[in-house]
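These notes are about the structure you will find just below.
Excluded from the calculations below are hydrogen atoms, water molecules and symmetry mates; all remaining heavy atoms, backbone and side chain alike, are included. Below, read A as the first sequence line, B as the second, and so on, with proteins coming before strands; counting in each chain starts at 1. The model shown is predicted, which means the values in this text are computed figures rather than measured ones.
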Amino acid sequence: MVQVTLPDGSVKTFEQPVTLAGVAAAIGQGLAKAALAGTVDGELVDLDHLLERDTQVTIVTAQSEAGLKIVRHSTSHLMAQAVKRLFPTAQVTIGPAVENGFYYDFDFERPFTPDDLAAIEAEMQALSQQALPVQRTEMKRNEALSFFEAQGELFKAEIIAAIPEEQTISLYQQGAFVDLCRGPHVPNTSYLKAFKLLSVAGAYWRGDARNKQLQRIYGTAWPDKKALDGYLHQLAEAEKRDHRRLGRELDLFSLHEEAGGGLVFWHPMGARVRQVIESYWKKVHVAAGYELLFTPHIANLDLWRTSGHLDFYQESMFSPMLVDEQPYQIRPMNCPFHILIYNTHLHSHRDFPLRWAELGTVYRYEMSGVLHGLFRVRGFTQDDAHVFCREDQIEAEISGILELTLSTLQAFGFSEFEINLSTRPAKSVGSDAIWNQATAALKQAISQRGLAFVEDVGGGAFYGPKIDVKITDTIGRKWQCSTIQLDFNLPERFDIYYIGEDGGRKRPIMIHRALMGSLERFFGILIEHYAGNFPVWLAPVQAVVLTITDDQNDWATEVRDRLRALGLRVDADLRSQKVGYKIREHTLKRVPWLLIVGEQEKREGAVNPRNRAGKSLGSMPVAAFADQLLLEETNKH
RNA sequence: GCCGACGUAGCUCAAUUGGCAGAGCAACGGAUUUGUAAUCCGUAGGUUCGGGGUUCGAUUCCCCGCGUCGGCUCCA
């Protein structure tokens, strides 16, 4: 007799040993049909796993994260099977599920073409229709090793060779295709229906550039056609929001082949948005007790020798240039400069905390292949700050920084946050005591605000623990912009200190933090987040006055000037075009408000506002519209 | 940097097997005086990414370079 405990606490009793599929069937027909796999005492297993003892089980369907992952992983196997059928000389390597889909890396004598992808996808459909059972078998490690060697699957053999000898190895077979895999998988290939192959790319064996380069085929897979279509639609939407396209169409910024990759040119309209962002940033920093600094963009290389960047960061730095026969370095970071300022005075424990912020432009060498619009560039401005404080002030400072971070992100329309806390890695500097105290202070500061966080054990930098904040944009993508890092290293290296209560020298704590990270990248995220439809407070042009005929030119000009006098960004379009033409043009430029003025409005001293969505408010006095616009701006809408 | 794809007017894209480099939109000029997403006519616009090669002839084929795009952590 086997007693099976379900997640809701209920217990099912079976006379004979039973498979998970049997348990699902006993619960209900619907579940039996939807079941993909299950967990037994918390461990994921296949549906045909036989239960012989009393256990806790759950049935996994495609509705859960785990189930979706199984669908994707199984689809990657289906693809590998299809590839092996069409291209028998291709060697399989690894093929995991990833966010939104899966990939599989192959070693093949020639590059896969888009036509190959279409053929592979068609083969996958055919295999899916055959409903081939996916069966788990086990082998001894050595047996498996010779099995894959005999098949000519040398990468698989290499993987097995790294597994301890005594371990048993699981294989999954569907049709003639056998793959080394931990599983679990769907019961048969007919469960895999909604997938699409997306792209082929290069990827190194085991992610190491010294190893052989393989071909990675990316695909997406979903529980059903509807979810797949939804995702493909989202991809199309994301493309429409692409900041590189919108940046050109809205005349916000450009990059230039002549100037070099990854160097951003802000056009007048983009610069207006940046001005707004920077003004806001300065205002909230001053209010939060920060001082604003300005420091140079280059400095003697020795500074980076002292900071240690030359040792551990050199590959991301531009080559030095010679100045009066001395090597000078264009800065990849701002921190050493702030430390130089710190060291111009003797500091007392009573001076702390010192909060110093700078919109510091830095230059980092990124490999040419990784440059990407505003998201990955070689020159960018960080909204950087360094806080110097005593150990007992860490928690309060982190708490204040978190407050500033979240309120700033909220102002820019982000309301969903994910907080990660990264703790001490194996290789690190600083004493156990300071790491423990600092990590505890970070945790305390987060939970005191009632925020949840994910702990990345050992994921911190060698010089201190850190908090990262991720935001979610309108179409559900996550971005990490904000980072708060403690640094036990630089204060040592620069030998900075303060005079403690006892009159002795003490090492201050240094906190690095950035809220938006890179202004360039943050701008790119904002463009995509709003799809170019900036809220009034950010919009480069907040309203355009449109005339019906030349007879209203004087009134339109007056309206424009009155609104400008209030500090609003307003233009007038006096061209002798039909109003429909002007509306279309400025709507495409994503101007939030269009103010139509015809004879009637001129006579009444009014404007007739129309918003981006095409809704007309009807004629109203200029002052009334101005109030509304100012209110929108204040409320950051 | 590496793998693959791509590079034609400001933008989106054409150009038989290698045979005079084109269209729409944008720009510019003129006409038009218009009431809520495109008025009409005209003009100009090119070292086909750069360099080399094959050829009577190269946007097209080959080689080199540059740039752009998709990737290069997510362990069977």
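- In this structure, the separation between CH2 on W555(A) and NZ on K602(A) is 10.5 Å, given to the nearest 0.5 Å.
- Between E366(A) and S316(A) the shortest side-chain heavy-atom distance does not fall below 4.5 Å.
- Residue-to-nucleotide proximity on RNA chain B shows that, of L214(A) and D550(A), the 5′-proximal contact is made by L214(A).
- Heavy atoms of G261(A) sit under 4.0 angstrom from primed sugar atoms or phosphate atoms, though from no base atom.
- Side-chain contact between M139(A) and T168(A) is absent, with no heavy atoms from C-beta onward closer than 4.5 Å.
- Checked against a 6.0 Å centroid threshold, the rings of Y231(A) and W222(A) count as neighbours.
- Backbone-only contact: K156(A) has heavy atoms under 4.0 Å from sugar-phosphate atoms and none from a base.
- At whole-Å resolution of the value, NE2 in H256(A) and C1' in G10(B) are 12 Å apart.
- Comparing the C1' positions of U12(B) and G35(B) gives an interatomic distance of 32 Å, to the nearest angstrom.
- The residue L198(A) sits apart from the nucleic acid: no heavy atom pair falls under 4.0 Å.
- Using atom C1' as the reference point in both A26(B) and C11(B), the two lie 7 Å apart (nearest Å).
- One interatomic measurement links the two molecules: CZ of R245(A) to C1' of G10(B), which rounds to 16 Å at whole-angstrom precision.
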field: Protein proximity profile, nucleotides 70-75 of chain B - base contact B, sugar-phosphate-only contact S, no contact -, cut-off 4.0 Å on heavy atoms
entry: BBBSBS

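- Classification of the F106(A)-F112(A) ring pair by plane angle, with boundaries at 30° and 60°, yields perpendicular.
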task: Apply side-chain hydrogen bond (donor to acceptor under 3.5 Å, both in side chains) to S619(A) and E601(A), showing your working.
output: CA-CA 7 Å; S619(A) 279; E601(A) 285 76 17; 2.8 Å; yes

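- The separation of G53(B) from A14(B), taken at their C1' atoms, amounts to 28 Å, rounded to a whole angstrom.
- Separation of the F523(A) and W266(A) ring centroids falls under the 6.0 Å cut-off.
- Residue-level contact check: E158(A) touches neither bases nor backbone, having no heavy atom under 4.0 Å from any strand.
- Computed from coordinates, the L374(A) CG to U68(B) P distance equals 13 Å when rounded to whole Å.
- Side-chain nitrogen and oxygen atoms of R575(A) include none within less than 4.0 Å of the OP1 or OP2 phosphate oxygen of C28(B).
- Rounded to a whole Å, the CZ atom of F112(A) is 17 Å from the P atom of C3(B).
- The interatomic distance linking D251(A) (CG) with A26(B) (C1') rounds to 12 Å, in whole Å.
- Base pairing of G1(B): its partner is C72(B), meeting the Watson-Crick or G-U wobble criterion (both donor-acceptor distances under 3.5 Å).
- Rounded to whole Å, the P atom of G42(B) lies 11 Å from the corresponding atom of G24(B).
- The residue Q600(A) sits close to a base: some heavy atom pair falls under 4.0 Å.
- Using N1 to N3 plus N6-O4 or O6-N4 for Watson-Crick, or N1-O2 and O6-N3 for G-U wobble, each under 3.5 Å, U55(B) pairs with nothing.
- Residues Y172(A) and H185(A) bring their aromatic ring centres within 6.0 Å.
- Pairing partner, A14(B): none, since no Watson-Crick or wobble contact has both distances short of 3.5 Å.
- E366(A) has its CD atom 17 Å from the C1' atom of U68(B), to the nearest Å.
- The same atom, C1', is picked in G51(B) and in G7(B); the two are 16 Å apart, to the nearest Å.
- Of the charged side-chain nitrogens involved, none lies within less than 4.0 Å of a carboxylate oxygen, so that E99(A) and R477(A) do not count as a salt-bridged pair.
- Whole-Å rounding puts the L117(A) CG to A5(B) P distance at 12 Å.
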field: Verdict with reasoning, S616(A) to N608(A), per side-chain hydrogen bond (donor to acceptor under 3.5 Å, both in side chains)
entry: CA-CA 7 Å; S616(A) 188; N608(A) 191 341; 3.2 Å; yes

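- To the nearest whole angstrom, the two P atoms, one in U48(B) and one in U60(B), are 10 Å apart.
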B/S/- contact track for nucleotides 37-50 of chain B, protein heavy atom under 4.0 Å: BBB-----------

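- Protein atom CD of E599(A) is 15 Å distant from nucleotide atom P of U33(B), rounded to whole Å.
- Looking only at side-chain heavy atoms (C-beta outward), H586(A) and L594(A) come within less than 4.5 Å of each other.
- Comparing C20(B) with A58(B), their C1' atoms sit 14 Å apart, to the nearest whole Å.
- Only I548(A), listed by number, bring a heavy atom of residues 540-548 of chain A to less than 4.0 angstrom from any atom of RNA chain B.
- Aromatic pair F312(A)/F462(A): ring centres closer than 6.0 Å.
- Within the 6.0 Å centre-distance limit, the rings of H256(A) and F265(A) are counted as a close aromatic pair.
- Nucleotide A37(B) has no partner under the Watson-Crick or G-U criteria, as no pair reaches both atom distances under 3.5 Å.
- You won't find any donor-acceptor pair under 3.5 Å spanning the side chain of D551(A) and the base of U33(B), going by distance alone.
- Ring geometry for H243(A) against F375(A) counts as tilted: the plane angle lies between 30° and 60°, on a 0 to 90° scale.
- When the C1' atom is used for both G18(B) and U43(B), the distance is 34 Å, rounded to whole Å.
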